[in-house]
Amino acid sequence: MRQQIAAANWKMNCTLQQAEELLNKLATVSDFNSVNRIVIVAVPAPYLLLAKQKLAHQTNMFVAAQNCFTKKSGAYTGEISAEMLQSMDINYVLIGHSERREYFNENNTMLAEKVNLALEYEVTPIFCCGESLSIREAGNQNEFVAQQLKDSLFQLSAAQIVKVVIAYEPIWAIGTGKTASSAQAQEMHQHIRKALEIQYGSNIADAVSVLYGGSVKGNNAVEIFSQPDVDGGLVGGASLVAEEFVAIMNALK
Ligand code: PGA
């Protein structure tokens with residue numbers, strides 16, 4: 001059975017003191033039903049080790065980086081390598097978030113390189129995909145997302161793809177308060193799983209967790225997560241409020 005995942009994406013938020021406060025709250029969560037469910041917290045890079053330390057005793061909570069670079073090492077000032085993450089025992093990394101694609105010109109080819117390197121260093125990529133409003137309005141969202149998967153993930157072997165988490169995040173729903181309806185989410189998640197099935201077969205397609213992201217909140221998570229092909233969420237704004245994120249964790253199937 002594939003894992004159900006509540007992933008927090010703090011983005012570029014929180015001072016050190018605010019990060020500590022939020023992590024302290026997550027560290028004291030004791031009623032999370034962790035059978036087949038995990039929590040991942042993608043914190044800003046300066047807080048990775050702090051987050052690891054604070055959540056060390058929470059066996060089902062993991063820490064993620066929000067990005068890593070396309071090269072192994074070298075003269076790339078300001079970048080973070082997959083090997084560095086591995087050396088810090090960071091188990092997950094967000095790759096291809098729409099904000100990285102838009103503001104830092106990350107394209108599908110670069111993202112394939114990042115995915116390959118993350119896997120080489122045994123860091124699980126949480127690969128983000130999703131269409132803009134204009135693409136959805138033109139009715140081209142399925143082709144668009146399929147192309148993102150093909151260009152950045154389908155170079156992987158079957159043994160590698162099962163180690164990837166996919167997050168479908170329609171750009172028009174991110175930070176806008178406008179979520180996809182649960183039917184729209186299910187439709188796209190089913191489409192993603194079908195693309196995985198065509199490429200890798202149904203056993204592999206069934207094993208990959210596909211998260212929904214875009215204005216997930218404590219009060220809409222149950223409905224979205226109840227869809228058969230939705231395996232949890234990648235949560236931005238609502239993950240900055242501990243009580244809200246805990247409600248989302250508890251909404252997992
Ligand atoms: P949001 O962000 O929950 O604030 O819409 C989601 C994301 O960008 O991962």
Side-chain angles (χ1 to χ4, degrees), residues 3-14 18-19 22 26 38-45 47-48 51 61-68 90 92-106 111 114-115 118 124-133 135-136 141 144-145 148-149 152-153 164-182 184-185 188-189 192 209-227 230-252:
Q3 270 181 327
Q4 304 298 304
I5 302 172
N9 176 11
W10 289 9
K11 309 191 181 185
M12 195 178 74
N13 290 298
C14 296
Q18 290 164 335
L22 197 43
L26 295 180
I38 62 166
V39 171
I40 300 171
V41 189
V43 301
Y47 312 145
L48 284 168
M61 288 192 188
F62 299 90
V63 177
Q66 296 178 7
N67 183 30
C68 66
I90 297 298
Y92 294 87
V93 60
L94 301 184
I95 294 197
H97 190 281
S98 59
E99 289 148 16
R100 302 286 324 166
R101 294 174 187 261
E102 182 179 350
Y103 306 132
F104 303 94
N105 299 322
E106 296 191 359
L111 298 175
K114 292 187 180 204
V115 165
T124 297
I126 302 174
F127 177 77
C128 305
C129 56
E131 79 288 355
S132 64
L133 185 59
I135 292 171
R136 176 152 291 256
Q141 67 273 13
F144 183 82
V145 169
Q148 289 181 319
L149 301 179
S152 303
L153 291 185
V164 173
V165 173
I166 296 175
Y168 167 60
E169 299 202 304
I171 297 168
W172 46 272
I174 294 177
T176 57
K178 189 177 169 196
T179 50
S181 68
S182 52
Q184 282 172 321
M188 179 59 84
H189 282 232
I192 290 170
S209 298
V210 185
L211 316 184
Y212 168 80
S215 300
V216 175
K217 308 276 179 242
N219 62 11
N220 60 24
V222 170
E223 171 161 4
I224 298 171
F225 296 174
S226 70
Q227 298 301 309
V230 178
D231 307 311
L234 178 56
V235 186
S239 73
L240 297 170
V241 181
E243 297 70 22
E244 188 81 10
F245 188 59
V246 169
I248 293 167
M249 285 162 49
N250 287 318
L252 289 173

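Just so you know, ligand 1 is whichever comes first in the structure, and atom 1 is the first atom listed for that ligand.
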Original post:
In the protein, which heavy atom is nearest to atom 9 (O) of ligand 1, and how far is it?
Top reply: Glu169 OE2, 2.7 Å

Original post:
Which one of Leu111, Asn67, Asn9 satisfies the side-chain contact (heavy atoms from CB on, under 4.5 Å) criterion with His97?
Top reply: Asn9

**OP:** Could you check atom 4 (O) of ligand 1 against the protein and tell me its nearest heavy-atom contact, residue, atom and distance included?
**Re:** Gly237 N, 2.8 Å

Subject >> For the student: nearest non-hydrogen atoms of Val216 and Val235, plus distance >> reply: O-CG1, 3.7 Å

Original post:
Counting each atom of ligand 1 from 1 as listed, which ones have a heavy atom of Gly214 under 4.0 Å away?
Top reply: 5 (O)

Original post:
At the 4.0 Å heavy-atom cut-off, does Ala173 count as touching ligand 1?
Top reply: yes

Original post:
Which of the atoms in ligand 1, numbered in the order shown and given with their element, are less than 4.0 Å from a heavy-atom of His97?
Top reply: 7 (C), 8 (O), 9 (O)

Subject >> Nearest-contact summary for atom 3 (O) of ligand 1 - protein heavy atom, Å >> reply: Gly236 N, 2.8 Å

**OP:** List the steps, then state whether side chain to side chain donor-acceptor pair (under 3.5 Å) holds for Ser209 with Gln3.
**Re:** CA-CA 6 Å; Ser209 298; Gln3 270 181 327; 5.4 Å; no

**OP:** Tell me, please: is Lys11 in heavy-atom contact with ligand 1, that is, under 4.0 Å?
**Re:** yes

**OP:** Decide yes or no on side chain to side chain contact (heavy atoms under 4.5 Å, CB included) for Ile192 and Cys129, but give the supporting numbers first.
**Re:** CA-CA 10 Å; Ile192 290 170; Cys129 56; 4.2 Å; yes

Original post:
With a 4.0 Å cut-off on heavy atoms, is Ser215 touching ligand 1?
Top reply: yes

Subject >> Non-hydrogen atoms of Cys14 and Leu22 that approach each other most closely >> reply: SG-CD2, 4.2 Å

Original post:
So which of Val210, Leu94, Thr124, Asp231 actually passes side-chain contact (heavy atoms from CB on, under 4.5 Å) with Val165?
Top reply: Thr124

Subject >> ligand 1 atoms in contact with Asn9 (distance to a heavy atom under 4.0 Å) >> reply: 9 (O)

Original post:
Hey, does Gly175 sit under 4.0 Å from ligand 1 if you only count heavy atoms?
Top reply: yes

**OP:** Name the orientation class of the two ring planes belonging to Tyr212 and His189 (parallel below 30°, tilted from 30 to 60°, perpendicular beyond 60°).
**Re:** tilted

